[in-house]
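Heads up, the thing below is written out as structure tokens.
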Amino acid sequence: MTERRDVVIAGGGIIGLALAWELTRRGRHVLVLEASEGSADAAARVAAGMLAPVSEVDLAHPDLTRLSIASAEMYADWAYDLEAASGLDVAYETTGTLIVALHRDHLAEIEHLRAFQHDRGLAAETLTRGELRDAEPALAPSVVGGIRVPDRQIDPRRVLAALRAALARAGAEVCDGARVQRIESGLVTYELDGHTTQVEAMQVVIASGAWSGAIEADVALPMRPVKGLVLRLRGERLLQHVVRTPDVYLVPRAYGELVVGATMEERGFDRTQRAGDVYDLLLEATRALPGVRELELSEVCVGFRPALRDHLPAIGEVAPGVFVATGHFRDGVLLTPVTARLLSAVMCGDAPDPLLAPYAPSRFAAVEVTR
Ligand SMILES: Cc1cc2nc3c(=O)[nH]c(=O)nc-3n(C[C@H](O)[C@H](O)[C@H](O)COP(=O)(O)OP(=O)(O)OC[C@H]3O[C@@H](n4cnc5c(N)ncnc54)[C@H](O)[C@@H]3O)c2cc1C
């Protein structure tokens with residue numbers, strides 16, 4: 001007999017797991033089907049974990065800034081609840097972010113960013129070279145100026161581990177190595193250990209990141225992967241803040257890790273770790289923070305940002321009982337709490353929050369152009 005669940009989620013990345021946790025807390029019996037072992041392929045295994053609605057405001061549509069701010073405002077409580085539910089530390093840090101200029105072109109770029117921030121009513125504090133060096137003494141003497149913004153950070157790998165632990169404690173199931181192939185009339189067909197298996201569900205969610213377009217279902221998602229390569233370094237903690245220049249970001253963790261990122265590459269699902277990319281990141285990192293030279297290079301990793309055609313997420317129902325939560329591109333870690341909370345509310349019968357209106361998956365339905 002075919003097994004049955006309230007909800008099946010295709011994809012155990014940060015979005016799928018967080019949604020599963022939210023639905024489990026609302027009393028739903030949830031099964032997550034995850035293609036890789038232990039979410040090894042999830043972008044959050046690679047992501048830096050910057051929660052950056054202010055630092056990246058110049059890259060975001062105004063609607064996305066609203067959603068991002070809403071999520072950033074939920075983060076402290078969400079992280080606290082997750083730590084309590086899992087018993088694990090997720091390294092949520094509130095020290096803030098410095099965006100620094102190493103030369104005049106950088107200064108002009110940062111001034112442009114400040115104008116965007118000002119237009120959208122977001123806070124930023126201008127810092128002189130001396131104030132920057134006081135805040136972060138290890139910065140390069142060549143730093144010429146910058147700003148401080150209240151953006152925060154979290155360790156996405158720890159979030160994945162904590163979500164899995166919280167789900168296990170709450171009795172939800174995560175099945176690793178299960179690749180969903182098709183969703184049809186409440187029946188989910190997936191492959192596990194070389195066998196084709198089926199499970200029935202009242203509701204099914206596609207949360208398969210950059211792979212979401214490969215599942216056969218009543219939805220056509222114009223999805224592509226945008227490759228990102230980051231470095232993980234280890235050693236003495238050199239920074240208290242997240243530090244960004246227009247060319248590189250440096251994300252310090254309390255336990256001696258420094259994440260340096262990231263490339264943005266249109267190469268499909270190519271996992272090659274190119275020497276030139278490692279070189280470029282290290283060069284830009286040492287320009288901002290010379291002490292990087294003394295750290296151990298502990299890991300080079302590649303992940304895939306899920307990008308829809310308009311670079312905005314798709315969150316909502318696509319057919320009766322079939323939902324999507326994908327396309328979070330560069331901001332999936334930041335957007336996790338708001339996505340999980342607002343979509344779980346819709347799935348439990350609440351009216352959709354107006355914040356979700358711009359992200360209806362139906363916006364990709366074919367449009368006929370006539371002359
Ligand atoms: C280099 C890099 C740096 C980043 N930095 C940041 C940052 O600082 N801040 C931020 O907010 N965001 C950042 N991001 C973006 C963020 O990581 C992503 O937007 C987010 O993790 C996407 O999560 P997801 O769960 O939607 O997708 P994914 O993480 O891709 O998870 C999807 C999961 O579905 C599984 N899957 C695929 N196909 C199937 C199938 N058919 N059946 C079952 N399972 C399937 C995959 O194995 C995967 O585990 C970064 C991303 C990268 C690559």
Side-chain angles (χ1 to χ4, degrees), residues 8-20 31-53 55-56 60 64 68 71-72 75 97 151-157 159-160 163-164 174-183 188-192 204-217 223 225-232 242 244 249-251 259-265 269 271 277 281 300-308 311 313-315 324-340:
V8 169
I9 299 179
I14 197 166
I15 297 291
L17 293 176
L19 181 63
L31 167 66
V32 179
L33 298 173
E34 163 55 37
S36 64
E37 287 302 321
S39 304
D41 286 346
R45 295 274 317 149
V46 177
M50 294 175 295
L51 309 174
S55 311
E56 297 188 358
L64 189 59
S68 300
S71 206
Y75 236 105
T97 298
D151 285 345
R152 310 198 156 158
Q153 61 139 313
I154 200 161
D155 183 339
R157 287 185 176 179
V159 173
L160 287 176
L163 284 168
R164 281 177 168 257
V174 179
C175 178
D176 284 329
R179 182 172 295 279
V180 174
Q181 296 166 327
R182 192 166 56 252
I183 299 165
V188 180
T189 305
Y190 62 100
E191 198 185 297
L192 178 65
V204 186
V205 186
I206 300 174
S208 313
W211 297 267
S212 296
I215 294 176
E216 263 181 65
M223 175 66 75
V226 176
K227 176 182 174 183
L229 180 143
V230 305
L231 312 177
R232 284 186 155 71
V242 171
R244 307 173 67 130
Y249 57 71
L250 303 150
V251 181
V259 182
V260 177
T263 64
M264 293 274 286
E265 304 174 59
F269 289 105
R271 290 192 179 273
D277 292 329
L281 287 173
V300 179
C301 36
V302 166
F304 301 104
R305 303 172 185 89
L308 287 164
H311 294 164
I315 307 167
V324 301
T326 191
H328 293 74
F329 192 36
R330 304 168 57 115
D331 298 312
V333 180
L334 168 62
L335 294 171
T336 291
V338 78
T339 302

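Ligands are counted one by one from 1 in listed order, and the atoms in each one are counted from 1 as well.
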A10 N/O to ligand 1 N/O under 3.5 Å: no
Check the pair D176 / R164 against salt bridge (Lys or Arg N to Asp or Glu O under 4.0 Å), numbers first and verdict last. CA-CA 11 Å; D176 284 329; R164 281 177 168 257; 2.7 Å; yes
With heavy atoms only and a cut-off of under 4.0 Å, state how Q181 meets ligand 1: side chain, backbone, both or neither. neither
Examine the side chains of S55 and D151 and answer whether a donor and an acceptor come within less than 3.5 Å of each other. yes
Any N or O of G332 that comes nearer than 3.5 Å to an N or O of ligand 1? yes
Specify side chain, backbone, both or neither for I14, according to which of its non-hydrogen atoms lie closer than 4.0 Å to ligand 1. both
I215 heavy atoms, cut-off 4.0 Å: which ligand 1 atoms fall inside? 41 (N)
Ignoring hydrogens and angles, state whether a donor on the side chain of Q181 or E216 is under 3.5 Å from an acceptor on the partner side chain. no
A48, G209, G16: member with heavy atom nearest to atom 5 (N) of ligand 1: A48
Touching ligand 1 at all, Y190? Heavy atoms, strictly under 4.0 Å? no
Taking only Lys NZ, Arg NE, NH1 and NH2, and the carboxylate oxygens of Asp or Glu, determine whether R271 and D41 approach each other closer than 4.0 Å. yes
Side chains of S36 and R179, donor plus acceptor under 3.5 Å: no
What protein heavy atom lies closest to atom 34 (O) of ligand 1? Include the residue and the distance to one decimal. G11 CA, 3.3 Å
Counting heavy atoms only, which of S71, G13, G49, A43 comes nearest to atom 29 (O) of ligand 1? A43
For R330, check side chain to side chain contact (heavy atoms under 4.5 Å, CB included) against everything at least two apart and list the hits. E56, L59, M264, R305
Quick one: does ligand 1 sit under 4.0 Å from the side chain of A325, the backbone, both or neither, non-hydrogen atoms only? neither
The answer for which part of F329 has a heavy atom under 4.0 Å from ligand 1 is backbone
Of all protein heavy atoms, the one nearest atom 41 (N) of ligand 1 is V180 O, 2.9 Å
Return the set of residues passing side-chain hydrogen bond (donor to acceptor under 3.5 Å, both in side chains) with D331 (not counting sequence neighbours), or none when no residue passes. none
Is any N or O atom of F304, backbone or side chain, closer than 3.5 Å to an N or O atom of ligand 1? no
Look at atom 12 (N) of ligand 1 and say which protein heavy atom is nearest, naming residue and atom and giving the distance to 0.1 Å. R330 O, 2.9 Å
Give yes if a backbone or side-chain nitrogen or oxygen of E34 is under 3.5 Å from a nitrogen or oxygen of ligand 1, and no if not. yes
So if I count the atoms of ligand 1 from 1 in the order they appear, which ones are less than 4.0 Å from some heavy atom of A178? 42 (N), 43 (C)
If hydrogens are left out, which of A47, G261, A40 has an atom nearest to atom 4 (C) of ligand 1, that is, the closest non-hydrogen atom? A47
